[in-house]
Amino acid sequence: MEYEFRSIEAKWRKEWQQRGTYKVTEDSNKPKYYVLDMFPYPSGAGLHVGHPLGYIASDIYARYKRLSGFNVLHPMGYDSFGLPAEQYAIQTGQHPAITTEQNIARYREQLDLMGFSYDWSREVRTSDPNYYKWTQWIFKQLFNAYYDVQLNKAQPISKLIEAFEAMGSAKINAHSEVTHHFTAAEWKAMSSSKQEEILQDYRLAYLAESWVNWCPALGTVLANDEIVNGVSERGGHPVEQKRMMQWSMRIKAYADRLLDGLDRIDWTDALKEQQRNWIGKSKGASVHFEVKGNAAKIEVFTTRPDTIFGVSFMVLAPEHPLVTVLTSATCKDAVEAYQKESALKTERDRQSDVKNISGVFIGAYALHPFTGQEIPIWIGDYVLASYGTGAVMAVPCGDQRDYDFARHFQLPIPAIFENVDLSEVAYTEKEAKLTQSDFLNGLDVKSAMEKAIEAIEAKGIGKGKTNFRLRDAVFSRQRYWGEPFPVYYEQGIPKLVNDEHLPITLPEVDAYLPTADGEPPLARAPKSAWNCALGDRMEFNTMPGWAGSSWYFLRYMDPQNQLEFASKVKLDYWKQVDLYIGGSEHATGHLLYARFWTKALYDLGFISFDEPFAKLINQGMILGKSAIAYIGPDAKMVSYDMLPAETTGFREVRILIDLINDDESIQLEALRAWQPQYADQQFVTNAAGKVLVKREVDKMSKRWYNVVTPDDLCEKYGADTLRMYEMFLGPLEQSKPWDTKGITGVHNFLKKYWRLFHLNGTFEVHDTEPSATALKTLHKTIKKLADDLERFSFNTGVSSFMICVNELTEQKCTNRHILEQLTILMAPYAPHICEEIWSKLQPTATSIFDQQYPQFNEAYLQESTFDYPVSFNGKMRFKVNLPLTLTPQEVQAHVLALPEAQKWLEGNAPKKVIVVPGKIVNMVL
RNA sequence: GCGGAUGUGGUGAAAUUGGUAGACACGCCAGACUUAGGAUCUGGUGCCGAGAGGUGUGCGGGUUCGAGUCCCUCCAUCCGCACCA
């Protein structure tokens with residue numbers, strides 16, 4: 001009887017769906033386990049073999065947990081708002097909802113083929129009004145909250161208003177970028193628009209004019225993590241800085257907690273480090289410098305207050321607001337010219353221009369707070385307006401950039417470190433003691449730092465301060481295909497839409513482009529197109545892509561709930577995601593924002609945990625092997641091994657990899673038929689009459705013609721083979737190029753497994769007493785498997801099955817017990833074939849996934865006749881405690897006489913015995 | 001520049017607390033059966049050597065009875081951040 005994978009897999013796909021095998025409900029009798037995949041954006045290209053890698057791993061783990069007696073939540077959904085559908089809409093006029101719907105249908109079809117155990121009744125889509133109703137609702141909660149620094153948590157804004165009413169701004173300890181001073185009476189006298197303006201400086205979701213990354217080509221603002229090398233992540237368009245009124249999220253208030261929380265979660269060091277870098281905490285002090293002949297003060301941030309006596313000049317960012325105020329008449333022209341020049345430079349130019357030192361003296365002097373010395377003030381574009389205060393106190397002897405600047409403009413470099421040579425470079429280490437530094441003389445860095453801050457605070461010219469690289473997250477997009485804000489304006493004041501009007505659904509528009517006067521697309525909608533139009537106008541911006549993905553893991557717990565984003569009971573049952581699998585490209589985007597929202601919702605009392613993802617695994621990327629052919633100046637396509645040494649005039653073209661044979665040669669006729677430009681292609685073949693291509697590893701993408709789809713492989717080898725092969729490829733977390741060649745090995749293995757049950761052509765197992773050798777094989781496989789799963793080592797897991805089946809085949813094992821156990825073990829990896837076998841082993845059973853792993857039960861392992869430590873590759877290790885004086889031969893004799901050694905050897909002689917003095921004996925059978 | 005990771009056969013990779021390096025699979029070689037197929041089965045396969053044997057986990061050192069594994073120096077590749085004061 002052949003292994004008919006196509007019919008078997010089709011049969012069980014249907015059965016599982018009809019029976020609702022994978023539906024889960026809360027069950028207080030069972031421990032819960034939540035396994036989650038990062039939900040995909042449903043793009044028009046469909047899935048390639050790289051996408052399911054993480055899904056397969058999580059599916060195996062979810063099934064394993066389920067078989068181990070856990071109540072497993074394993075849902076899937078779609079991050080269905082996004083740019084590509086909108087771009088397509090702009091080009092074709094087709095509503096993005098239709099495109100999205102079609103793409104989702106295609107995704108679902110592909111996902112179903114792979115046999116995943118998702119509970120599809122819990123599917124969520126971020127673009128579904130029933131879902132984004134609650135995204136809007138959460139926005140409202142964040143709008144109505146501020147961050148209390150004292151309590152170190154978010155609080156309802158009403159408490160802040162109460163405090164203002166009672167005692168003004170005096171004792172307020174709320175996180176804000178600005179400081180307000182008013183009394184209770186003054187507060188009460190303010191107009192409501194003035195009050196709102198102040199409250200905006202405290203709300204977690206707030207409206208503010210801010211420098212934003214503006215992408216003219218996309219007509220929208222982008223977050224920092226949506227920009228790669230100065231161009232937009234999607235589309236690669238240039239990005240410039242622009243000041244705009246935008247919604248933002250006060251994530252900076254959570255900077256410290258986002259750092260601390262990392263110590264409590266099980267993520268890789270690499271990823272935690274990325275988030276730490278992104279948050280970029282640095283401790284130091286802010287110091288105010290007085291300006292000679294001017295009332296203005298310049299505030300600087302420094303991480304080295306101990307070097308304050310080494311200051312010999314100051315540098316402001318060209319955009320610094322004080323520059324125009326302080327510039328002297330004689331320097332005005334030069335300063336303005338420089339300002340213009342640096343404003344023209346894009347962020348990218350500035351970055352690539354690191355080595356060119358530039359700057360201008362503005363003709364003003366600051367006064368040193370301790371020595372009263374005059375310090376020339378310069379502007380220079382190495383100082384960034386957006387970090388710290390946009391101004392630095394330059395200490396050329398201790399900072400390389402300041403040093404270079406001083407050298408270039410021949411400014412003094414005062415030496416304040418004992419015995420340090422400053423002739424070539426600045427001294428940036430922290431070992432030397434201070435000198436020429438008044439009250440800091442002779443101190444080491446650490447104590448000088450403390451003393452300097454003390455002195456600065458005592459003098460009232462500054463204080464110890466911590467700075468973060470992390471910026472508040474811009475939350476507005478000038479786009480159509482996103483969540484509308486639950487916000488309207490009345491006389492310019494933003495107001496929240498009441499809950500009963502939610503969701504504010506996306507209005508229909510006549511085009512998905514900005515209006516003529518630059519308003520976002522939603523401004524095109526007449527009032528009548530809104531399901532709820534209030535005030536003077538609605539908010540025309542939409543939310544960014546990360547809004548919906550910052551909380552979706554909560555909605556899976558209770559996706560149909562019309563009254564709450566999820567019920568308290570269900571939230572308390574499922575709690576955190578126990579295992580989250582997805583790509584590392586979300587390290588500083590989604591994973592940070594989701595943590596932020598989770599903490600905010602926790603503070604406001606909606607959930608009982610403040611970290612969303614307890615354990616996270618980043619699956620590696622599956623890359624494609626592009627096929628590159630060479631076309632010479634004479635337009636002939638030249639075989640790669642026939643290329644001349646000199647290839648000028650040759651161009652590289654990428655060829656659809658389906659047209660390449662296993663020996664790297666092109667199927668010439670197929671190429672001619674593929675694209676019109678190759679219809680009459682001439683070739684230069686090699687000695688074998690073939691045209692070879694070069695292989696290069698790229699991201700898997702349509703544009704490189706290197707995509708391999710799971711559909712084709714499922715058709716050819718079956719989903720079970722594909723699942724196991726993807727796991728077999730290598731460690732889950734490692735990136736690797738896709739190579740289909742090895743898949744036959746896994747396919748053969750499944751055929752071998754099938755044959756175990758069909759030795760004589762029909763299904764046949766025997767209820768005999770299992771042989772000792774078969775039990776040995778089974779038990780070592782169980783131990784190995786349990787261990788592999790604990791370590792998420794799925795590749796070695798697959799190998800273990802191969803070894804097990806090889807051994808059982810050799811033993812001609814037809815024992816029911818042994819084969820049943822093996823089948824349960826393998827079911828998470830190859831669900832279809834194992835379910836089919838199971839239905840024959842246990843004709844009355846419903847599903848193999850309703851079983852429990854007796855295997856991973858301690859008691860079962862105790863009962864086993866092989867309760868000594870045995871490693872998987874047949875190696876047996878004995879720990880013995882013998883005198884060191886014994887010879888190796890004597891030790892060997894002693895060990896061979898041990899009862900467990902006798903049992904292990906079963907009368908056979910060991911192939912090899914390795915004796916290590918006094919400690920361990922290894923024996924190989 | 002800073003931070004993180006990775007270097008093992010022709011290839012993907014194993015090696016769990018330091019204990020036979022290369023399991024398992026692909027590929028390749030030889031053979032069997034064949035309606036000569038991209039089927040199936042058997043055996044072999046790190047490198048050098050006819051052989052015994054030698055040698056071998058990016059380079060060089062160290063600790064240890066014993067190092068792919070631990071420590072130090074260097075090299076290469078990949079990823080993230082980058083004028084962050």
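Here is the naming used below: chain letters follow the sequence lines, and residue numbers restart at 1 for every chain. What you see below is based on every heavy atom in this structure, not just the backbone, and it leaves out hydrogens, waters and symmetry mates.
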Taking 4.0 Å as the cut-off, does a side-chain nitrogen or oxygen of [X] come that near to OP1 or OP2 on [N]?
X        : N      : answer
A:Arg401 : B:rG1  : no
A:Asn467 : B:rA85 : no
A:Lys784 : B:rA14 : no
A:Asn748 : B:rU40 : yes
A:Asn806 : B:rA25 : yes
A:Tyr382 : B:rA85 : no
A:Ser282 : B:rA85 : yes
A:Arg791 : B:rA15 : yes
A:Arg304 : B:rC84 : no

Provide the distance between the two C1' atoms, one in B:rG56 and one in B:rG4, to the nearest whole Å. 30 Å
With rounding to whole Å, what would you report as the distance between B:rA13 and B:rC84 at their C1' atoms? 42 Å
Answer with base, sugar-phosphate or nothing: what part of the nucleic acid does A:Phe728 contact at a heavy-atom distance below 4.0 Å? base
With sugar-phosphate meaning primed atoms plus P, OP1 and OP2, does A:Gln400 contact a base, only sugar-phosphate, or nothing at under 4.0 Å between heavy atoms? nothing
Flag the pair A:Glu299 / A:Phe289 as yes when at least one side-chain heavy-atom distance between them is below 4.5 Å, and no otherwise. no
When you get a sec, tell me which of B:rG3, B:rA14, B:rA85 is the closest nucleotide to the side chain of A:Pro731? B:rA14
Could you grab the distance from atom NZ of A:Lys776 to atom CD of A:Gln811, nearest 0.5 Å is fine? 9.5 Å
Both distances below 3.5 Å, Watson-Crick or wobble geometry, any strand: find the nucleotide opposite B:rU42. B:rA30
How do A:Thr302 and A:Thr796 order along RNA chain B: which one's closest nucleotide is nearer the 5' end? A:Thr796
side-chain contact (heavy atoms from CB on, under 4.5 Å) partner of A:Cys804, chosen from A:Thr809, A:Leu785, A:Thr777: A:Thr777
Taking side-chain contact (heavy atoms from CB on, under 4.5 Å) as the criterion, tell me which of A:Asp739, A:Thr740, A:Ile657 meets it with A:Lys625. A:Asp739
With the threshold set at 4.0 Å, does a side-chain nitrogen-carboxylate oxygen contact exist between A:Glu177 and A:Lys252? yes
